[in-house]
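Everything on this sheet refers to the single structure shown next.
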Amino acid sequence: MTHAIAISHLSKTYASGFQALKDVSLDIRHGEIFALLGPNGAGKTTLINVVCGIVIPSAGTVTVGGHDIVKDYRAARSLIGLVPQELTTDAFETPPATMRLSRGLFGKPANPAIIEKVLKELSLWDKRESRIMMLSGGMKRRVLIAKALAHEPQILFLDEPSAGVDVELRKDMWQLVRELRASGVTIILTTHYIEEAEEMADRVGVINKGELIVVEEKAELMRKLGRKQLIVELRERLNVLPEALAGHGLTLSTDGMQLVYTYDTKAETTGITTLLDAVRNAGVRFKDLQTRQSSLEDIFVGLVRQG
Amino acid sequence: MRLAMNLYGMRAIYMYEMARTGRTLLQSIVSPVISTSLYFVVFGAAIGSRISHIEGVPYGAFIVPGLIMLMLLTQSVMNASFGIYFPRFVGTIYEILSAPVSPFEIVVGYVGAAATKSIALGLIILATSELFVPVRIAHPAWMLTFLVLTALSFSLLGFILGLWADGFEKLQIVPLLIITPLTFLGGTFYSTSVLPQPWRTVTLFNPLVYLISGFRWSFFNIADVHVGVSVAMTLLFLAICLAIVWWFFKTGYRLKN
Ligand SMILES: Nc1ncnc2c1ncn2[C@@H]1O[C@H](COP(=O)(O)OP(=O)(O)OP(=O)(O)O)[C@@H](O)[C@H]1O
Ligand SMILES: [Mg+2]
């Protein structure tokens, strides 16, 4: 089976001469949740807009469901729902009216039952008679999601869907995303809340300055780049690291109450046993031990710094 | 599932644009009707008391086709330009650009809706005129043909303007500074044949002369230029607008980066 989306050697140089995408190749698998991460201006929105037909690529090809986005744009686009990053809504319309437009535009006959279902799922049903301009920012964001879902897309792009959405609703939204995935929808999202990607995504791509620097299974990425830390909580404050403990790669926390040992989970020996022996022999007494796995955020920051 | 045409998409744009008229009823229907009535009071009553007939037609009736054209042209341009400029301005155009609709379907949706409004408006003004002066229509089928062709051409022109404009001023300038003056100079309130030379020849460079003349011919059988020339010019104008729109979409001009 072909990929949901196949991006091959894609480049984009804007009219200003700025190169926003540099030779990006990426395959999105059917039914996965793919998180695209990267700092501001990395090219995430540009990439999404090319796939959706809003930005014209300078070089490279993209197929969606096996259909070329240029030659066979009708077939390609009708599979896609897009929730844009910018809050651009039809201020004077009601949510159902703007959803009907979306559904029609994507070539689907009217279906009030679907509109109702989506509005209810997004807790917008009570607002069905309000003009969009009377809704709050978070509600407007959900109207955009409702528009994208109005034509029952097989592939959903969420460009920073959780910006400006409160914690409670964010949870609901991610629940909805999980349900969509369970029903077979492929989801590509960007977010600056990395814990979100960590929780939701099957795979993660990191883009920086227009280049895709990593694409990896999330678990694999965590394993590969993940560092674990052992934290030794001390009984008494230390002003300096004892001589005997130098050479173990230990650092003393600023308050002098913790020793922090960073180690690689993949390594044959972690060196923990020798370390703890050394600590005991040095006469340092501790009251507790804990380990900490570095988060996707730490990994991400590390990658972007390198890039 | 390869559709030759996205009829639902085309219809959705059309219906959406028509619904917008409902909200702006005052601006799109009521105000043109009021200004037409004012023209009748000022021109029909005040001037008409001095000029009784032009080429055998009572002056009040003589200005009806010109007035309808004046409203038709300005409203077509304004409606259609706003219809496409607004989504560009607020950003909602993203959805049209990402939807599986062809340029042809987009144009039919937007321009069709704008033209429909203008035609309805033209007929409303005609009915309003009947309240002031009796109007007879010599060639009703031709009258409707000119009405439809003009509404289409100028809605297309408005669409082009709405794509090209990068600010609200430009959107206003074309109807106010180009269409309205050309209509006035194109024989709305007089027959260009009353003008002395060289002005008579100069008016022949005004494309609106042909439209107004043809339209008036369909009412009263009198024309400044031969009706065949009017039809040809209208079709030529339509073709030019179509070519420009086609080029815009082909290159993504002002639509896509
Ligand atoms: N229309 C445009 N013309 C010129 N440059 C542009 C245009 N749109 C975007 N850019 C530039 O391309 C780069 C990538 O922008 P893009 O919007 O894709 O970033 P992003 O990864 O989505 O960032 P963010 O996290 O802030 O949303 C930026 O440097 C931006 O300034
Ligand atoms: Mg972005």
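Remember, predicted model here, so these are calculated numbers, not experimental data. All chains are named by letter (A, B, ...) in the order of the sequence lines, taking the proteins before the strands, and each is independently numbered beginning at 1. Quick note: numbers below take in every heavy atom, side chains included, and nothing from hydrogens, waters or symmetry partners.
- Ranked by heavy-atom pairs under 4.5 Å with chain B, the list A/Ala76, A/Gly53, A/Ala97 is led by A/Gly53.
- Contact annotation for A/Lys108: only backbone heavy atoms (N, CA, C, O) come within less than 4.5 Å of a heavy atom of chain B.
- Minimum heavy-atom separation, B/Val101 to A/Arg77: O-NH1, 4.4 Å.
- Expressed to the nearest 0.5 Å, how far CG of A/Leu105 lies from CG of B/Leu97 amounts to 10.5 Å.
- In B/Trp142, the CH2 atom is not crowded: 12 or fewer heavy atoms of neighbouring residues, nucleotides or ligands sit closer than 6.0 Å.
- The CG atom of A/Leu82 sits 8.5 Å away from the CD atom of B/Glu95 when rounded to the nearest 0.5 Å.
- Counting non-hydrogen atoms of other residues, nucleotides and ligands closer than 6.0 Å to CE of B/Met15 gives a total of 12 or fewer.
- Rounding to the nearest 0.5 angstrom, the gap separating the NZ atom in A/Lys147 from the OH atom in B/Tyr94 is 5.5 Å.
- Under the salt bridge (charged side-chain N to carboxylate O under 4.0 Å, His left out) criterion, A/Arg100 pairs with no residue, sequence neighbours left out.
- Heavy-atom distances place no part of A/Thr46 under 4.5 Å from chain B, backbone and side chain included.
- Interface remark: A/Phe106 contributes backbone and side-chain atoms alike to the contact with chain B (heavy atom separation under 4.5 Å).
- Of the listed residues (A/Val55, A/Leu101, A/Leu87, A/Ile80), the greatest number of heavy-atom pairs within a distance under 4.5 Å of chain B belongs to A/Leu101.
- In this structure the side chain of A/Glu93 reaches within 4.5 angstrom of the side chain of B/Tyr16, judged on heavy atoms.
- Summarising the local packing, CZ of B/Arg88 is surrounded by more than 12 heavy atoms from other residues, nucleotides or ligands at distances under 6.0 Å.
- Taking the side-chain contact (heavy atoms from CB on, under 4.5 Å) definition, one finds that A/Lys117 meets it with A/Glu121, sequence neighbours left out.
- Residue-environment remark: CE (A/Met134) stays at or below the threshold of 12 foreign heavy atoms within 6.0 Å.
- Among B/Pro100, B/Ser102, B/Pro87, the residue with the largest count of heavy-atom pairs under 4.5 Å with chain A is B/Pro100.
- Heavy-atom neighbours of B/Phe104 CZ from other residues, nucleotides or ligands within 6.0 Å: at or below the threshold of 12.
- Atom CD of A/Glu116 sits in a crowded spot, with more than 12 heavy atoms from other residues, nucleotides or ligands closer than 6.0 Å.
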